[in-house]
Every structure is written in C-alpha cells, then in structure tokens.
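Some notes on the structure that comes next.
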Amino acid sequence: MPGSATTEPAPEPVAISTESGVPVVLRRSLEVIKNARERLRSRWRRSLLFRTVTSAVLLSALALLAAGAFLSNQIASGLFQERFHQVESESVRGLNQVKAIFDSAATTDRTSTHSLVTNTVKILEGDGALVQRDFVLVPLPGDDNLYVGPTASGNLTSRIVPEALSSQIRESNAIYWQSIEVKNGKSAGPGLIFGTRVTLPPGKEYGLYLVYDLTSVQNTLDFINRAMALVGGLLLLVVGGITWYVTRAVVRPVAAAAQVSEKLAAGELQERMTVKGEDEIARLGSSFNHMAASLQDQINQLATLSQMQQRFVSDVSHELRTPLTTVRMAAEVLHDAREDFDPINKRSAELLYNQVERFQILLNDLLEVSRFDAGVAILDAEPTDLVAVARRVIDAATPHAEAMGSLLRLSTPAGGCVAEMDSRRIERVVRNLIMNAIEHGEGNPIDISVAGNDSAVAISVRDRGIGMSPEASTRVFDRFWRADPARARTTGGSGLGLSIAMEDTRLHTGRLEAWGEREVGSCFRLTLPRVLGDTITNSPLPLEPIVLADAVLDRDMVIAFPLTGEIPIIGFKPKAPLGLGETESTENADDSAEEKQELEKQEPDV
C-alpha cells in the first residue's frame with residue numbers, strides 16, 4: 001500500500017480538480033460577464049437609439065425611485081403617527097382604569113385576588129381598539145409569596161417585555177412605551193408595548209403591559225409599496241416605449257441617410273432615401289436626394305469626360321504613330337545626308353531629327369499613360385537582379401552624364417539584390433530617376449545605391465543639384481508638373497517620366513518616394529518587395545541623406561529605414577555608425593575620368 005501511494009503522480013489530480021472545479025467556473029463566469037459588458041459598451045457607442053432609450057429609462061427609474069422612497073416614508077410615518085395616537089390614548093385610559101381598581105381592592109386571600117385580576121384584565125383584553133391588543137401581567141423582581149403569578153392573553157409570554165421598559169417601570173409609576181417585534185407563528189411584525197406599575201394584595205408590585213400588534217398597519221404599508229412599485233414599473237415601460245418610438249422616428253431617417261451615403265461612396269450612385277411626409281426629416285431626405293442626384297450627374301459628366309479624354313489620347317497616339325514613323329524615316333535620311341547640305345539646311349536636318357525623336361518619346365509616354373488609365377497594363381514578372389538593371393541603365397546614361405559633367409557612382413552589395421519584377425518596367429523607372437538626376441544635378445556627382453533586406457530591395461538616386469522644396473516633393477510625380485517651368489530641358493523629356501515611374505511602381509506593389517532641399521540636392525528611392533504582392537514594412541536604404549555631404553552607409557551595415565510614402569518626412573537620422581565615402585572635390589575633367597575608371601575597378605564601394 002505505501003509503495004502504490006508513492007508511485008501515483010500527485011500533480012495530475014490537482015490539475016484535473018483545478019480545471020473542473022470552482023476556479024474554472026468562476027473564470028468562465030468572469031469571461032461571460034466581460035463579454036457582455038463589452039457588447040453593451042459597443043452597443044452604447046454605436047447606437048443612438050439604444051443610448052437614448054437606456055438613458056431615459058435609467059433617469060426615469062432614478063426619479064421614480066426617489067419619489068417612491070419619499071412617498072413611502074411619508075405614508076409610513078403618517079400611518080405610524082395615526083395608530084400611535086390612537087393606541088396611546090387607549091392604553092393610558094385602560095391602564096389608569098385598571099390601576100385604580102387594583103389600588104382600591106380590599107381582597108385578603110389568594111382566591112379573591114386571582115378573581116379580581118381575572119375580572120379586571122378582561123377590560124383591557126375586550127377593549128374595542130382598531131389594533132389588536134393583548135396584556136401581560138408580570139410580578140416585579142424581589143417579591144415573594146405572590147397571590148397571582150405571571151398572566152398574559154393571546155399567545156404572549158413575559159419574555160416579550162423588553163428589559164429597558166421593565167427597568168423604567170420599576171423606577172417610576174408613570175406609563176412608558178417602546179417599539180417591539182411581535183411574533184405571530186413563524187412570521188413577525190412591528191408592535192407597541194405600553195406599561196405601568198400596579199400593586200396587588202398583599203401589597204405586591206407588578207408590571208402591567210398592553211401589547212399592540214401593528215402587523216395590519218405593516219401589511220397596509222406593504223400593499224401601498226407594491227402598488228407604487230407596480231405603477232413605477234408600468235411608468236418605466238411607458239417612458240421607454242415613448243422614448244423608443246420618438247427616437248426611432250428621428251434616428252431611423254438618419255441611419256437610412258448614413259447607409260445611403262455609404263452606398264454612394266461605394267459607387268452606387270443610384271441610391272436614394274425614402275421620403276415620407278412633409279416635416280423636417282422629409283425635407284432633409286429631399287435635400288439629401290437632391291444632393292445625391294446632383295453629385296451623380298457631376299460624377300457621370302466627369303467620368304464621361306475622363307473616358308473621352310482617355311479615348312482621345314489613346315486614339316490620337318495610335319493614329320500619330322503611322323505618320324510619325326514616316327516622318328522619322330525621312331528625318332533619319334536627311335540626318336544621315338546632312339554633311340552634303342549647306343550649313344543652314346544641315347542645322348535644320350539636325351533639329352528636325354532631334355525633335356522627331358523627342359516627339360517619339362512623348363508619343364510612347366502617352367500610349368503608356370493610356371494603358372494605365374484603361375487598366376490594361378500587365379506585368380511580366382520574374383526573378384531579376386536589381387543591380388544588373390542599374391548597371392544597364394548606367395551604361396546607357398553615361399554618355400549623357402559625361403556631356404553634363406556629372407559622374408555616376410554606383411554602390412551595390414556583394415551578393416546582388418534579386419526580386420520578382422518586370423525588368424522592362426523597372427529599368428524604365430531607374431532610367432527616369434537617373435536621367436532626372438543628370439538633368440538637375442548641375443554637373444555634380446550622382447550616387448546610385450542598391451541594397452536589400454529580408455523582405456525588400458531598394459535603389460536610391462542622389463544628386464547634388466538645385467534640389468526642390470518640400471512642396472515640390474509632394475507633386476513631383478504629377479503628370480506634366482515641373483518645379484521650374486522656365487527651366488530649359490536638355491534631355492527632351494515629356495513631363496510624364498516620373499508619373500509613369502510611379503504607376504510602374506504601384507503595379508509592383510512597391511514604394512517610390514522623393515526628398516529634396518533647395519541648393520542641396522534631391523534623392524529618389526524605389527523600394528520593391530522581394531516577392532511580388534507582399535507588403536513592404538521598411539526599406540533597406542534611407543530616403544533623406546544621413547549627412548548632407550558625401551557620406552554613405554557602410555556595406556556591412558543592416559539598417560531598416562521607415563517608409564515615408566509619396567509625401568516624405570524630412571529629418572530622419574539613424575543612430576548607427578557611418579562609413580564615410582569619397583568627398584567631392586573641384587577636380588578637372590581628367591581627374592573625374594580617372595575617378596570613374598577607379599570606381600569601375602572597385603566592386604561595390606566608392
């Protein structure tokens with residue numbers, strides 16, 4: 001037996017009893033109460049009808065409770081005072097009458113004394129009082145050899161006499177009273193007891209008490225309280241019903257207006273409110289329907305104009321391609337034969353060729369914009385190294401950068417940055433960013449950085465040109481918007497490059513952001529998810545330059561930079577240590593070329 005007791009595991013019964021005992025039931029009860037409380041809170045916040053009806057019922061209940069308590073107290077006090085005056089006068093009259101009879105009695109033996117008491121106390125018991133009355137005759141302590149023992153009527157005994165009242169009677173011949181509790185079977189009710197001291201032969205002192213049962217008065221008061229409670233409950237129901245009806249009549253149209261407005265916001269422009277009557281709510285519904293109809297007409301007009309505009313741009317772009325191809329072929333022939341022309345015709349051929357090329361770029365951009373507007377732009381995504389894309393764009397943009405006097409410097413990680421992307425579209429985005437930096441870089445070096453983390457890859461293009469204001473940073477991706485309309489273009493842009501870049505980025509569920517500061521420069525950052533469609537939480541590259549001079553991040557550092565959206569937040573400064581890169585210098589063109597060759601020899605760093 002002891003061996004079996006030691007091998008039996010003790011924790012299991014404790015765990016079972018804990019799971020199936022009172023603590024589990026208590027915890028579940030608390031959870032139920034908590035859930036019910038949360039539902040009530042939610043209903044209270046969301047429903048005006050529930051809040052109004054509940055408030056009206058609670059306030060009415062408090063008012064009725066206060067009024068009922070006041071009335072019940074007044075009625076109880078009135079009933080008690082009325083009954084007290086009645087029984088007081090009856091008690092004083094009866095006790096004095098019996099006391100006078102006992103004082104004038106001339107009995108000398110036990111039998112005659114007992115007969116006297118029996119005949120006399122019937123006066124008290126048979127009195128026609130409104131409240132039931134009984135008597136108690138109790139000898140005072142200290143007297144022996146009594147002719148008459150303790151006597152009482154009804155179901156009373158000498159125990160009903162309070163000790164305080166008995167003490168008062170022993171000390172004085174006056175009549176005293178006290179409130180007591182009268183037991184009637186298993187129930188008990190309020191009562192009054194009046195008493196005085198009397199003397200019986202042979203000179204023995206007794207306490208004579210009259211007991212009044214006020215149960216009937218208490219029953220009357222209870223009936224009045226129940227009647228008031230019933231009336232109060234009915235009044236609460238009436239108040240709640242009236243409040244619900246009135247509030248519902250007001251809230252229902254408002255709720256209907258909210259529902260209709262949500263449908264209108266969702267694009268269901270044909271929705272209208274149901275109008276009944278001619279009151280204020282009906283006028284509100286009519287005004288709401290009129291507003292909805294006006295909005296529907298305006299939105300339909302704008303949608304029609306937008307469709308016409310998109311169709312016009314698309315049709316004109318397609319129609320212009322054929323004659324533009326012919327004109328381009330002729331321009332190319334003239335451009336190739338320009339050496340045989342006189343200087344004026346030679347310059348005209350060159351201008352014609354350049355402007356046709358510019359018009360071709362504009363036409364291609366318009367076609368791409370029309371595809372985005374029509375929603376027919378699709379992705380041909382596959383795993384691609386963003387570093388390779390950046391190198392191809394830099395190779396193509398290098399001649400123009402050299403012509404502008406800018407040096408393109410590339411910083412990449414050792415392992416590359418592979419992500420799912422449409423290489424053609426991302427290459428177009430990177431090309432737009434780099435060409436924009438060359439255009440506004442004022443001949444200063446341009447830093448292109450590529451980095452990646454576990455969930456995203458990013459490329460940033462940083463120039464040190466004229467920069468742009470915070471307001472310009474918020475509008476730089478708008479179509480045909482230019483920060484300085486008077487500024488001459490050298491690359492023949494259409495004004496749609498950054499807008500198309502933003503649309504391409506959105507197709508990749510990426511983020512394209514801009515930062516700029518006057519006379520300091522600007523920075524554009526493209527962040528793409530490694531897996532197409534995933535959500536980007538942070539970027540591996542900073543948007544705002546960490547130091548306004550030529551300071552770059554060390555290759556081995558892993559820092560997560562916040563996404564700021566299309567409206568950048570300026571002022572971010574990471575706490576990680578920095579590795580300084582090359583600083584700008586005022587070297588000549590030959591030094592810049594040597595610096596470029598040295599840059600190409602190095603792997604990722606400047």
Side-chain angles (χ1 to χ4, degrees), residues 312-372 377 389-408 423-444 446 448 461 463 465-466 476 479-501 503-504 589 592-593 596:
F312 174 78
V313 172
S314 178
D315 293 344
V316 170
S317 300
H318 283 86
E319 292 297 330
L320 288 177
R321 295 188 68 178
T322 300
L324 180 61
T325 302
T326 304
V327 174
R328 183 178 181 182
M329 292 174 60
E332 289 177 353
V333 172
L334 294 175
H335 186 268
D336 293 339
R338 67 183 183 280
E339 298 298 336
D340 299 332
F341 299 160
D342 56 83
I344 297 178
N345 292 330
K346 179 181 179 180
R347 180 57 180 166
S348 300
E350 291 176 352
L351 291 176
L352 176 63
Y353 178 81
N354 292 332
Q355 294 304 315
V356 168
E357 286 291 330
R358 184 174 180 180
F359 188 69
Q360 180 69 40
I361 295 174
L362 176 59
L363 185 60
N364 293 333
D365 290 343
L366 289 175
L367 287 173
E368 192 66 24
V369 168
S370 65
R371 293 190 188 97
F372 286 126
V389 174
R391 290 187 184 277
R392 289 198 300 267
V393 175
I394 291 175
D395 291 340
T398 298
H400 183 67
E402 292 177 349
M404 297 293 294
S406 296
L407 174 65
L408 301 180
S423 59
R424 180 183 65 85
R425 294 182 180 276
I426 297 302
E427 184 174 341
R428 180 170 59 190
V429 174
V430 177
R431 181 170 60 252
N432 282 327
L433 297 181
I434 293 178
M435 297 302 291
N436 184 74
I438 295 173
E439 175 73 19
H440 300 89
E442 300 294 327
N444 295 314
I446 298 172
I448 299 101
V461 180
D463 67 75
I466 60 174
V476 70
R479 296 178 182 179
F480 300 106
W481 185 87
R482 298 179 66 181
D484 186 6
R487 182 179 175 85
R489 291 183 181 270
T490 59
T491 58
S494 63
L496 295 173
L498 293 179
S499 177
I500 294 175
E503 297 294 339
D504 285 332
S592 299
K596 178 182 176 183

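Count residues from 1 along the sequence. None of the values given here were measured: they were computed from a predicted structure.
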Report summary line: Taking every heavy atom of Lys346 against every heavy atom of Phe341, the minimum-distance pair comes out as N-CB, 3.8 Å
**Report entry** Beyond-backbone contact of Ile446 with Val461, side-chain heavy atoms, under 4.5 angstrom
**Finding:** yes
Query raised in the report: What distance do Arg392 atom CZ and Arg431 atom CZ have between them, rounded to the nearest 0.5 Å?
Result: 10.5 Å
Requested in this report: Using a strict 4.0 Å threshold on nitrogen-to-oxygen distance, state whether Arg347 and Glu350 make a salt bridge.
Outcome: yes
Query raised in the report: Can you tell me how far the CG atom of Leu352 sits from the CZ atom of Arg328, to the nearest 0.5 Å?
Result: 12.0 Å
Query raised in the report: Got a second to check how far Leu408's CG is from His400's NE2, nearest 0.5 Å?
Result: 10.0 Å
**Report entry** Contacts of type side-chain hydrogen bond (donor to acceptor under 3.5 Å, both in side chains), residue Asn432, not counting sequence neighbours
**Finding:** none
Report task. Quick one: closest heavy-atom pair of Ala349 and His335, and the distance? Result -> O-CD2, 4.3 Å
Query raised in the report: Is there a donor-acceptor pair under 3.5 Å between the side chain of Arg428 and the backbone N or O of Arg425?
Result: no
Report task. Work out which heavy atom in Met435 is nearest to a heavy atom in Ala397; give both atom names and the distance. Result -> SD-CB, 3.8 Å
Query raised in the report: CG of Asn436 to CG of Leu498: how many Å apart, nearest 0.5 Å?
Result: 5.0 Å
Query raised in the report: Can you name the closest pair of heavy atoms from Asp463 and His440 and give their distance?
Result: OD1-O, 4.1 Å
Query raised in the report: If you look at every heavy atom in Ile438 and Ala401, which pair is closest and at what distance?
Result: CD1-CB, 3.8 Å
Report summary line: Here the gap from Ile466 atom CD1 to Glu439 atom CD, rounded to the nearest 0.5 Å, amounts to 9.0 Å
